[in-house]
Amino acid sequence: DASGKCRAIDKDMTSLTFRVISQTMLPGGDDHIGAAIERASGDYFGSISWTFVYRFFGLPQWAPHPGRRRMLRAENFLRTSVAELIAARQSNSGGRNDLFARLSEARHPETGESIGPELLRDSLLTFMMVGHETTAKALTWMLYLLSQSEEWTQRLRDEIARVAGNEAIGPAHIDRLQLTQQVVKEALRLYPPVPSITRHAASDVELGGLQIAAGTLINIPIFALHRHRNIWRDPDCFDPTRFAPEAEAKIGRTQFMPFGAGPRTCIGAAFALIEATAVLATLIRGARFRLKTGHRPVPVSRVSLAPKGGMPMRVEMRETA
């Protein structure tokens, strides 16, 4: 906003990343459909934390579930809407080479069978829902951290000017925006979009003197791991130099896990890092972000790591020529 008005940056980032993921994966449909899907996804995520809690404690399906009806309505709408977009796309592919086209053409390596219509729909829906929500939270925290560090904001602007000038940030620039990528990763360390993950023990194992039986559900607190004083120097300090090439090479694989680890590592990790780098560089070059006076964004751990009270920020456009 040229006048520097206060905006709900967390909501802006959600809208932005939703448009990015939907246009990347399944171009098609008018703005009205896109907006309706975006609203429905908000209703769905608004109550999904209760679903995880109920499953974690093994509570029965009939137990009271706040927001269940709203969540089910949103789920039905999302499935129907994406199915309709798929049908429209299949009747007019336009020769596009996006995720939809690649999934449609995929074949099982052993049987040669193509992906079924229900699995295609659910796969696209999963990418759309999870892919935009987590990246939106990550960008929100990145802008917050940079609003508190004029030094790193300026370092990023200098790098962006050197690498891209006034050109739109594109594929040719991503690998060269090394400082920007360091900021992205440090923000993911301090504020991992998925603050905890769960895994089932594959076999009997001993952890810290405690015997864990095979099949036990284990919670891995990523937020705590990323700030553990035994494995990070000044863990609460914002220091992107941790991810300079020489320093990053010394970080253990299970020390930094914003996308999980092992066979269940987030399939969209590379996409998310590229998107976050491009969007962050574009925003920082084009605008100044200042946290609303008196607001203190406390991280709240749900399915994703959200700032309590949102992220109100004053946005002022910059002259970049």
Side-chain angles (χ1 to χ4, degrees), residues 7-26 33-53 55 66-68 70-79 81-82 85 99 121-145 184-185 187-198 220 222-223 226 257-260 264-280 283 297-311 313:
R7 297 192 59 88
I9 290 299
D10 51 317
K11 295 181 179 179
D12 287 342
M13 293 302 101
T14 298
S15 296
L16 170 62
T17 56
F18 180 84
R19 290 196 295 272
V20 169
I21 198 74
S22 60
Q23 287 301 312
T24 300
M25 296 191 321
L26 189 59
I33 294 176
I37 292 177
E38 183 180 345
R39 287 194 300 271
S41 68
D43 290 340
Y44 184 82
F45 274 111
S47 300
I48 197 172
S49 293
W50 287 101
T51 300
F52 281 90
V53 170
R55 290 181 179 175
R68 173 180 287 172
R70 181 172 64 250
M71 183 178 173
L72 291 176
R73 283 197 301 268
E75 181 179 351
N76 290 333
F77 175 82
L78 288 165
R79 289 179 183 275
S81 298
V82 171
L85 287 176
L99 180 61
R121 178 202 62 197
D122 290 347
S123 297
L124 288 168
L125 190 53
T126 298
F127 276 114
M128 290 177 69
M129 295 285 286
V130 179
H132 90 277
E133 172 72 10
T134 52
T135 307
K137 292 298 189 294
L139 284 165
T140 297
W141 289 113
M142 289 172 203
L143 292 174
Y144 162 68
L145 288 167
V184 168
K185 292 175 182 178
L188 291 173
R189 183 189 70 82
L190 284 169
Y191 297 101
V194 180
S196 66
I197 59 176
T198 56
I220 304 172
I222 303 299
F223 185 91
H226 282 186
M257 298 195 301
F259 301 104
R264 303 288 292 183
T265 298
C266 175
I267 194 173
F271 181 96
L273 288 172
I274 292 171
E275 178 186 1
T277 300
V279 171
L280 185 63
L283 293 175
V298 177
V300 178
S301 179
R302 294 292 184 265
V303 175
S304 58
L305 193 70
K308 184 178 181 180
M311 192 69 77
M313 303 186 83

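Nothing fancy with the numbering, it's 1 onward along the sequence.
Separating the CE atom in Met311 from the CH2 atom in Trp141 is a distance of 4.5 Å, to the nearest 0.5 Å. We find the NZ-OG1 distance between Lys137 and Thr17 to be 8.5 Å, quoted to the nearest 0.5 Å. Rounding to the nearest 0.5 Å places CD of Glu275 at 7.0 Å from CG of Leu16. To the nearest 0.5 angstrom, Met142 atom CE is 9.5 Å from Thr140 atom OG1. We find the NZ-CG distance between Lys185 and Leu273 to be 6.5 Å, quoted to the nearest 0.5 Å.
Nearest heavy-atom pair across Gly260 and Ile197 is CA-CD1, 4.2 Å. Of all non-hydrogen atoms in Pro297 and Gly310, the two that sit nearest each other are CB-O, 4.5 Å. Between Met313 and Leu143, the shortest heavy-atom contact is CE-O, 3.6 Å.
Around the CD1 atom of Ile267, the shell of radius 6.0 Å holds no more than 12 heavy atoms that belong to other residues, nucleotides or ligands.
In this structure a side-chain-to-backbone donor-acceptor pair under 3.5 Å is missing from His132 to Arg19.
The side-chain contact (heavy atoms from CB on, under 4.5 Å) test applied to Pro195 returns Phe223, Ser301, Leu305, not counting sequence neighbours. With sequence neighbours excluded, the residues that form a side-chain contact (heavy atoms from CB on, under 4.5 Å) with Ala272 are Thr135, Phe259. Under the rule for a salt bridge (charged side-chain N to carboxylate O under 4.0 Å, His left out), the partners of Asp12 that lie at least two apart in sequence or sit in another chain are Arg7. For Ser123, the side-chain contact (heavy atoms from CB on, under 4.5 Å) criterion is met by Leu103, Ile115, Leu119, not counting sequence neighbours. Among residues two or more places apart in sequence or in another chain, the side-chain contact (heavy atoms from CB on, under 4.5 Å) test is passed with Arg79 by Glu75, Arg121, Asp122, Leu125.
Sorted by first and then second residue, the pairs that involve residues 188-197 and meet salt bridge (charged side-chain N to carboxylate O under 4.0 Å, His left out), not counting sequence neighbours, are Glu186-Arg189.
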Go through the steps to decide whether Val194 and Ile222 satisfy the test side chain to side chain contact (heavy atoms under 4.5 Å, CB included), and finish with yes or no. CA-CA 8 Å; Val194 180; Ile222 303 299; 6.0 Å; no
Thr14/Asp10 under side chain to side chain contact (heavy atoms under 4.5 Å, CB included): CA gap, chis, key distance, verdict: CA-CA 6 Å; Thr14 298; Asp10 51 317; 5.6 Å; no
Which is it for Tyr144 and Ile9 under the side chain to side chain contact (heavy atoms under 4.5 Å, CB included) test, yes or no, and what are the steps along the way? CA-CA 9 Å; Tyr144 162 68; Ile9 290 299; over 6 Å; no
